[in-house]
Undergrad: 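Okay, handing you the structure first.
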There are 2 protein chains.
Amino acid sequence: MVKEKGKNIYDIASEAGVSIATVSRVLRGETSVLPETRRKVEDVIAKRGYRPSAIARGLTQKHTNSLGIVLPKLTNPNYAMIFTGAYDEATREGYVMSLFPWKSMDLKTGYDPMEVLAERRLDGLIMCVEYQKKESYDHLTASLENLSRYMPLVLIGCVPSELDYPTITYDMSLCASGVMEYLLEMNHTRIALLGGMKEDMGVMSRDAGYRAALEKAKLPYISSYRVYGDSTTRAGEQMLTEMLDGLQRAYWPTAVIALNDLVALGALKAAREMGLRVPEDISIIGCDDLFCAPYSEPPLTSINMHQQELGARAVRRLLRPDDKTRELAAWNIVKRQSSAPTEIV
Amino acid sequence: MVKEKGKNIYDIASEAGVSIATVSRVLRGETSVLPETRRKVEDVIAKRGYRPSAIARGLTQKHTNSLGIVLPKLTNPNYAMIFTGAYDEATREGYVMSLFPWKSMDLKTGYDPMEVLAERRLDGLIMCVEYQKKESYDHLTASLENLSRYMPLVLIGCVPSELDYPTITYDMSLCASGVMEYLLEMNHTRIALLGGMKEDMGVMSRDAGYRAALEKAKLPYISSYRVYGDSTTRAGEQMLTEMLDGLQRAYWPTAVIALNDLVALGALKAAREMGLRVPEDISIIGCDDLFCAPYSEPPLTSINMHQQELGARAVRRLLRPDDKTRELAAWNIVKRQSSAPTEIV
DNA sequence: TTGTATTATGTAAGCGCTAACATGAGTAAC
DNA sequence: GTTACTCATGTTAGCGCTTACATAATACAA
């Protein structure tokens, strides 16, 4: 912040020959100011390039016109999409949206970024609690409780049902079994699931949906078909390569569900390099429907998670609370050429 | 902001039986407090979940511990990368980074988001002035001048040299001629340039580099090889399709430089659908080296713009000003399989 | 013992606004 | 001409902190 004289409401008032109350009235667009006075004040404001301090205003008023959103990271376009949706909606409503990192939340340095959040006295906070490990769960609930005393909260992502806050959540279990059903209908029986950390609650929910679908179809759960790992392209490539390497050809899966499009893109490459044709020899399905999904070779079947809409909804929920607690977020399968019925038995 | 009693420094002070000055001292970790007193105060703070208001603190101190960055949009991972770099560096330095949209800057609604920026009294602002049209240039310079009276500025992107602020800029002209040289060395003589708006200053700079390289190689500038348009995947696909459709096969370019990887991905698809092999029949080069570039078919040759490093550098520059004004940002060609020497004459 | 550092804590003045209330000039009603 | 009422504008008390300065208590040197 650059300090310069001639930059507060007193300076403007004295230069315009009025009181600070009048300047304040002009600033806030109040009507009870003589047109002549208003012009005089506006002239000085324009001449000096004066802008009132939002900091000082925030102190007297009980709101700051700023919202926050906590996300894991932006390098995955998935989160960039949620952010964009939330951000645009916030702007439309006249709010400034700030982003805070999830990552540092589970830091053990004694310095808790959650406290920084509380200090900022935002008008509301959206927390994406996706990819939350169980071990840091207690810390999370304590943080949430404390934060909620300072600002309204809306939780998004894959939110554990015990968390009693306004929530817009994905039912990842339903989502996983939905994809399974789609594949089972196309005669796939050897279906692999690729990526995600075992302890991650969202991943556990997917696993549940995957296993439920297998059970319903009276298919066995084969542990070599479930590979855990990072959710990156490189990891996706590695995971599929290693899975196939460790399996006799007759047992190779005919379909792969990837945790997200990044993993799917890697799997696509791995399959190509193992000499497999997609989708004739193996179907591959991603998740998140990133911008590049339609442009891979072949174009990737994926799940559209309506991320921008999710972000926007969270903002509206924050600004206009309703009595619902948990709402479900929409998703749908976008069928492209990376998935097809199989003839392999 | 949720208002609740028992939530300011007076409440803590009275409950701990000390003065507000002592609470403030404990909060700021001053040493001149009796261990016993400190414990007493800390207990009350912990019990009440009290966090001092950054708003109030910002009013007395002359800094707010927050930085801002102005970017066009985050849905293009290129900007998400710049943001991530800046964001991480800011966090490392103990600052909160807020993002502001470029888009709304040229809104003509009378409401100028630049003013909102000035009101927020940030400790510094990074402005990405890429993709700036000439017509809004005057408004930009006025805004910058006004803003710079409130906070230090660092400009990044493709910054016109007349702008006299600390700047980290790409020389897109050099960059374009660098790519041209790479292609010319591989015997390409029919090289197309795809995407970007004609009036955009960054694009103009590229065009200059493109033409300079042609001239140097004594090759004619052929206007059908230069197609302007949006910088999206869909536009990339369309632009190449239309270009080829309008040209006799003998005049088809043997190489295409795309404005960015999004456009390149679209071009890749268009080429495939026109029955062209990449790179045997046509080389395609992108820009930005997005995460998906190595995973396209074939993997895409692109220009790595070191976006994260650019963002981080901008933050350091903001926090520790030096006497340099314009610095150049690094870039390098990442050669993959979408580009190769041509045998077509 | 008295005077003087030294240390821990308290008091109070701002920071730049907003908003409730006060003032004072002009106008209308009696 | 006095009273009452508007309306434009001014005065001032916060908002929740930090910080310069004041004060009180103790320690130590003379």
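So that the names make sense, note that chain A is the first sequence line, chain B the second, and so on, each numbered from 1.
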Undergrad: Starting at atom CG of A/Asp11, determine the distance to atom C1' of C/dG16, rounded to an integer number of angstrom.
TA: 10 Å

Undergrad: To the nearest Å, how far apart are B/Glu119 CD and C/dC15 C1'?
TA: 17 Å

Undergrad: A/Tyr95 side chain to A/Leu319 main-chain N or O, any donor-acceptor pair under 3.5 Å?
TA: no

Undergrad: Contacts to DNA chain D from residues 30-47 of chain A, heavy-atom cutoff under 4.0 Å, which residues?
TA: A/Ser32, A/Val33, A/Leu34, A/Thr37

Undergrad: Residues two or more places apart in sequence or in another chain: which of them pass side chain to side chain donor-acceptor pair (under 3.5 Å) with A/Ser53?
TA: none

Undergrad: How long is the line joining CD of B/Gln61 and C1' of D/dA20, in whole Å?
TA: 15 Å

Undergrad: Looking at B/Lys73 and B/Tyr79, would you say the former's side chain and the latter's main chain have a donor-acceptor pair under 3.5 Å?
TA: no

Undergrad: Would you find a donor on one side and an acceptor on the other, under 3.5 Å apart, between the side chain of A/Asp88 and the backbone of A/Thr91?
TA: no

Undergrad: Measure the distance from NZ on A/Lys62 to P on C/dT18 and round it to the nearest whole Å.
TA: 13 Å

Undergrad: Might you point out which heavy atoms bring A/Pro160 and A/Arg326 nearest each other, and give the distance in Å?
TA: O-NH1, 3.4 Å

Undergrad: Through what angle, rounded to 10 degrees, does the axis of the helix from C/dT1-D/dA30 to C/dC30-D/dG1 turn between its ends, using five pairs per end?
TA: 60°

Undergrad: Rounded to whole Å, how long is the line connecting atom CD1 of B/Ile55 with atom C1' of D/dG14?
TA: 17 Å

Undergrad: For the pair made of CG in A/Leu59 and P in C/dC17, what is the distance, rounded to whole Å?
TA: 12 Å

Undergrad: When the side chains of residues 161-169 of chain B are checked against the rest of the protein, which donor-acceptor pairs come out under 3.5 Å, sequence neighbours left out?
TA:
| residue | atom | partner | partner atom | Å |
| --- | --- | --- | --- | --- |
| B/Glu162 | OE1 | B/Tyr137 | OH | 3.0 |
| B/Tyr165 | OH | B/Glu145 | N | 3.3 |
| B/Thr167 | OG1 | B/Tyr165 | O | 2.7 |
| B/Thr169 | OG1 | B/Gly157 | O | 2.9 |
| B/Thr169 | OG1 | B/Val159 | N | 3.1 |

Undergrad: Say whether, by atom type as modelled, one donor and one acceptor occur between the side chain of B/Arg317 and the main chain of B/Arg313 under 3.5 angstrom.
TA: no

Undergrad: Among all residues two or more places apart in sequence or in another chain, which pass the side-chain contact (heavy atoms from CB on, under 4.5 Å) test with B/Glu89?
TA: B/Arg92, B/Glu93, B/Ala312, B/Val315, B/Arg316

Undergrad: Check whether any side-chain N or O of A/Asp123 sits under 3.5 Å from a backbone N or O of A/Leu67 as a donor-acceptor pair, and report yes or no.
TA: no

Undergrad: Would you say the side-chain atoms of A/Arg149 pair up with the backbone N or O of B/Arg48, donor to acceptor, closer than 3.5 Å?
TA: yes

Undergrad: Which residues in residues 16-29 of chain B have a heavy atom closer than 4.0 Å to any atom of DNA chain D?
TA: B/Ile20, B/Ala21, B/Ser24, B/Arg28

Undergrad: Take the protein atom CZ of A/Arg120 and the nucleotide atom P of D/dG16, then report the distance between them rounded to whole Å.
TA: 18 Å

Undergrad: Given side-chain contact (heavy atoms from CB on, under 4.5 Å), test B/Met127 with B/Leu140 step by step and report yes or no.
TA: CA-CA 11 Å; B/Met127 293 248 335; B/Leu140 175 71; 4.0 Å; yes

Undergrad: Provide, to the nearest angstrom, the distance between the CG atom belonging to A/Asn8 and the C1' atom belonging to C/dT18.
TA: 14 Å

Undergrad: Less than 4.0 angstrom between a side-chain N/O of A/Tyr50 and OP1 or OP2 of C/dC17, yes or no?
TA: yes

